[in-house]
Amino acid sequence: MIIGQILKSKPRGVMTASPDDTLHEITLRLASKKIGAIIILEGANVAGIISERDIIRLIAEHGAKALDMPASLGMTRNVISCTRDCTLEEIMDTMTKGRFRHMPVMENGALVGIISIGDVVKYHTAEVELEVTAMRDYLATG
Ligand code: AMP
């Protein structure tokens, strides 16, 4: 399965923030949308990503005043992305090796979607279930 197929079944649009938004503003967006990470855009370019883990780390380091810090100080700048034609297996491998759970999907330099570990698990499970059903049918019919 390729990422483009998964994106088609997800609601359009990606939650983003700007580098000047405070971590408090970002936590409100993460909470209201029930998501774990947000892409930071500078104009149309991806400048970074902030996940709930970054916010927890900053609060552990700086206390509650971390929430007044701008996103630019807490985000990961070297964002690993994929394209619509990447496969589910490639994404699983990249997320596992990189130890992160979110990947922006880019097309011609523009952000077109985001894939989370939840999407990966859901579609991987569906693929495995299909294979098991096909094998059972094969064994039953000979
Ligand atoms: P996560 O597991 O997605 O909550 O993120 C764990 C750490 O990896 C955090 O520091 C994130 O900022 C970072 N991170 C998340 N997604 C990516 C990505 N696609 N590329 C690079 N870093 C990421």
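Index from 1, following the sequence. For the numbers below, each heavy atom of this structure counts, side chains included, while hydrogens, waters and symmetry mates do not. Whatever order the structure lists ligands and atoms in, that order sets their numbers, starting from 1.
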Could you check atom 2 (O) of ligand 1 against the protein and tell me its nearest heavy-atom contact, residue, atom and distance included?
-> Arg101 NE, 2.8 Å
Where does Ile117 meet ligand 1, judged by heavy-atom distances below 4.0 Å: at the side chain, the backbone, both, or neither?
-> neither
Not counting sequence neighbours, which residues clear side chain to side chain contact (heavy atoms under 4.5 Å, CB included) with Glu90? List them please.
-> Cys86, Thr87
Do me a favour and list the nearest non-hydrogen protein atom to atom 16 (N) of ligand 1 with residue, atom name and distance?
-> His102 O, 3.1 Å
Could you check atom 21 (C) of ligand 1 against the protein and tell me its nearest heavy-atom contact, residue, atom and distance included?
-> Asn78 O, 3.4 Å
Would you give me the side-chain donor-acceptor pairs under 3.5 Å for residues 100-119, sequence neighbours excluded?
| unit_1 | atom_1 | unit_2 | atom_2 | d |
| --- | --- | --- | --- | --- |
| Glu107 | OE1 | Arg84 | NE | 3.4 |
| Glu107 | OE1 | Arg84 | NH2 | 3.1 |
| Glu107 | OE2 | Arg84 | NE | 3.0 |
| Ser116 | OG | Gly118 | N | 3.2 |
| Ser116 | OG | Asp119 | N | 3.4 |
| Ser116 | OG | Asp119 | OD2 | 3.4 |
| Asp119 | OD2 | Lys10 | NZ | 2.7 |
| Asp119 | OD2 | Ser116 | N | 2.9 |

Identify the protein heavy atom lying closest to atom 9 (C) of ligand 1, giving its residue, its atom name and the separation to 0.1 Å.
-> Asp54 OD1, 3.3 Å
Rounded to the nearest 0.5 Å, what's the gap from CG on Leu28 to OG1 on Thr22? Could you check?
-> 7.5 Å
About how many Å separate CG of Asp54 and CD1 of Ile26, when rounded to the nearest 0.5 Å?
-> 10.0 Å
Here the gap from Ile38 atom CD1 to Ile49 atom CD1, rounded to the nearest 0.5 Å, amounts to 9.5 Å
For Ile80, counting its heavy atoms only, list the atoms of ligand 1 lying under 4.0 Å from any of them.
-> 18 (C), 19 (N), 20 (N), 21 (C)
Among all protein non-hydrogen atoms, which one is nearest to atom 15 (C) of ligand 1, and what is the separation to 0.1 Å?
-> Phe100 CB, 3.4 Å
Just wondering, more than 12 heavy atoms not from His124 lying within 6.0 Å of its NE2?
-> no
Under 4.0 Å from one or more heavy atoms of Thr76, ligand 1 contributes atoms 10 (O), 11 (C), 12 (O), 13 (C), 22 (N)
Which residue and non-hydrogen atom of the protein lie closest to atom 5 (O) of ligand 1, and at what distance in Å?
-> Ser51 OG, 3.3 Å
Check Gly43 against Leu41 and note the closest heavy-atom contact, atom names and distance.
-> O-CB, 3.6 Å
Could you tell me which atoms of ligand 1, counted from 1 in the order shown, lie closer than 4.0 angstrom to a heavy atom of Pro104?
-> 19 (N)
